[in-house]
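As structure tokens, the structure follows; a few thoughts come after it.
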Amino acid sequence: MSLLRSVCVFCGSRPGLRPAYVAAARGTGELIAAQGWRLVYGAGDVGLMGEVARSAMAAGGRTMGVIPTHLLAREQGRRDLGQFVITEDMHERKKVMFMNSDAIVVLPGGAGTLDEFFEVLTWRQIGLHEKPILLLDTEGYWQPLIALIDHSIAEGYAEASMRDYFTAVPDVAALGERLRAALS
Ligand code: AMP
């Protein structure tokens, strides 16, 4: 009996300015499908979210989309997913995405993506889970975030162990290696 593994992808609802971001999102969707994992994501058909989902689906991958009622119109939530879940609010959405996943991948994104990253990071910090959290550091996008986290450690606002709770990977190939090690 094969065990279905699920990868939650948090990412921007915009594409960002560099073509490399879109390429990384497409590569992530293809990777997840090729490995036979299920993509769990925000169900939006916009920005990097849409890129990840379209690529995973085009490659025959399984998908689960989770979107709160009030974002259905704004993020043009796509319903042609393997599973489509509508939640009451953002909090429930994050929880449902997290609960249905074995690993978390964070692609470039804005405030919403940062919020999602910090939520799973703080849950990890207080021992609520041990799921891997991987930052896809396309073109060094996450370096300022990592520097800020290092600063918070250096200034006494976080334990040094905070750095062990997430891993930055430079590209989709490295992401695949990490995920295969964690999920197999
Ligand atoms: P963003 O990175 O800002 O494009 O947002 C990425 C994801 O976070 C999308 O699924 C958004 O719906 C969600 N999001 C956007 N704004 C917020 C917010 N203020 N709080 C939590 N999530 C958000």
Side-chain angles (χ1 to χ4, degrees), residues 6-29 31-32 37-57 61-126 128-129 131-149 166-169 172 175:
S6 297
V7 177
C8 174
V9 176
F10 291 133
C11 60
S13 55
R14 300 172 187 220
L17 295 181
R18 302 188 194 203
Y21 301 143
V22 168
R26 289 179 183 160
T28 301
L31 167 74
I32 291 170
W37 299 325
R38 178 180 63 167
L39 167 70
V40 176
Y41 80 113
D45 200 20
V46 291
L48 296 192
M49 267 195 286
E51 297 290 349
V52 174
R54 280 192 297 275
S55 304
M57 291 168 79
R62 286 185 254 203
T63 48
M64 177 189 203
V66 185
I67 196 163
T69 331
H70 72 281
L71 286 182
L72 263 174
R74 196 170 104 190
E75 294 188 357
Q76 299 155 36
R78 54 184 310 150
R79 295 158 188 263
D80 54 342
L81 303 164
Q83 291 161 289
F84 184 73
V85 179
I86 301 175
T87 62
E88 285 284 313
D89 53 37
M90 302 297 275
H91 300 292
E92 193 188 2
R93 176 205 231 179
K94 270 184 287 194
K95 202 166 145 193
V96 170
M97 290 172 74
F98 174 78
M99 296 293 284
N100 283 282
S101 304
D102 301 293
I104 318 297
V105 173
V106 186
L107 268 52
T113 304
L114 288 166
D115 170 76
E116 291 160 342
F117 167 68
F118 278 113
E119 182 109 332
V120 295
L121 183 66
T122 49
W123 288 345
R124 179 74 173 82
Q125 181 180 234
I126 58 176
L128 292 180
H129 73 92
K131 296 179 186 182
I133 303 170
L134 301 170
L135 291 176
L136 185 55
D137 194 28
T138 307
E139 300 212 350
Y141 180 79
W142 291 120
Q143 289 305 311
L145 173 73
I146 295 167
L148 178 62
I149 291 172
F166 66 91
T167 304
V169 292
V172 174
L175 176 68

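When reading the values below, keep in mind they use all heavy atoms of this one structure, side chains included, and skip hydrogens, waters and symmetry mates. Order of appearance sets the numbers: ligands from 1, and atoms from 1 within every ligand.
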*asked:* With side chain to side chain contact (heavy atoms under 4.5 Å, CB included) as the criterion, how do H129 and F98 come out once you've worked through the C-alpha distance, each side chain's angles and the decisive distance to 0.1 Å?
replied: CA-CA 10 Å; H129 73 92; F98 174 78; 3.3 Å; yes
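- Near G110, meaning under 4.0 Å from one of its heavy atoms, ligand 1 places the atoms 1 (P), 2 (O), 3 (O).
- Note that the NZ atom of K131 and the CE atom of M99 stand 6.5 Å from one another [nearest 0.5 Å].
- Distances below 4.0 Å separate heavy atoms of G109 from the following atoms of ligand 1: 2 (O).
- Those atoms of ligand 1 that come under 4.0 Å of a heavy atom in M49, given as number and element, are 9 (C), 10 (O).
- Exactly one residue among R74, R93, M97, M90 makes a side-chain contact (heavy atoms from CB on, under 4.5 Å) with I67. That residue is R93.
- Distance check on atom 19 (N) of ligand 1: every protein heavy atom falls at or beyond the 4.0 Å cut-off.
- Contacts of S13 with ligand 1, taken as heavy-atom pairs under 4.0 Å, involve both backbone and side chain.
- Judged by distance alone, the side chain of R62 and the main-chain N or O of G82 form no donor-acceptor pair under 3.5 Å.
- Numbered from 1 in the order shown, with element, the atoms of ligand 1 that lie under 4.0 Å from a heavy atom of G12 read 2 (O), 4 (O).
- Annotation: atom 5 (O) of ligand 1 to nearest protein heavy atom, G112 CA, 3.4 Å.
- Under a 4.0 Å heavy-atom criterion, R93 is in contact with ligand 1.
- Taking every heavy atom of L71 and a limit of under 4.0 angstrom, the matching atoms of ligand 1 come to 12 (O).
- The shortest side-chain heavy-atom distance between E116 and V106 does not fall under the 4.5 Å cut-off.
- The N/O atoms of G42, backbone and side chain alike, include none that comes under 3.5 Å of an N/O atom in ligand 1.
- For L17, the CG atom is loosely surrounded, since the number of other residues' heavy atoms within 6.0 Å does not exceed 12.
- For the pair R74 and ligand 1, the shortest N or O to N or O distance does not fall below 3.5 Å.
- Here OH of Y41 is found 13.5 Å from CG of L107. Values are rounded to the nearest 0.5 Å.
- Atoms of ligand 1 lying under 4.0 Å from any heavy atom of C11, numbered from 1 in the order shown and given with element: 6 (C), 7 (C).
- One option in L114, V66, D115, T113 has a heavy atom closer to atom 2 (O) of ligand 1 than any other, and that option is T113.
- Atom NE2 of H70 is surrounded by more than 12 heavy atoms from other residues, nucleotides or ligands within 6.0 Å.
- The option from M90, E75, H70 that lies nearest to atom 23 (C) of ligand 1, judged by heavy atoms, is M90.
- The line from CG of D89 to CG of L71 is 10.5 Å long, rounded to the nearest 0.5 Å.
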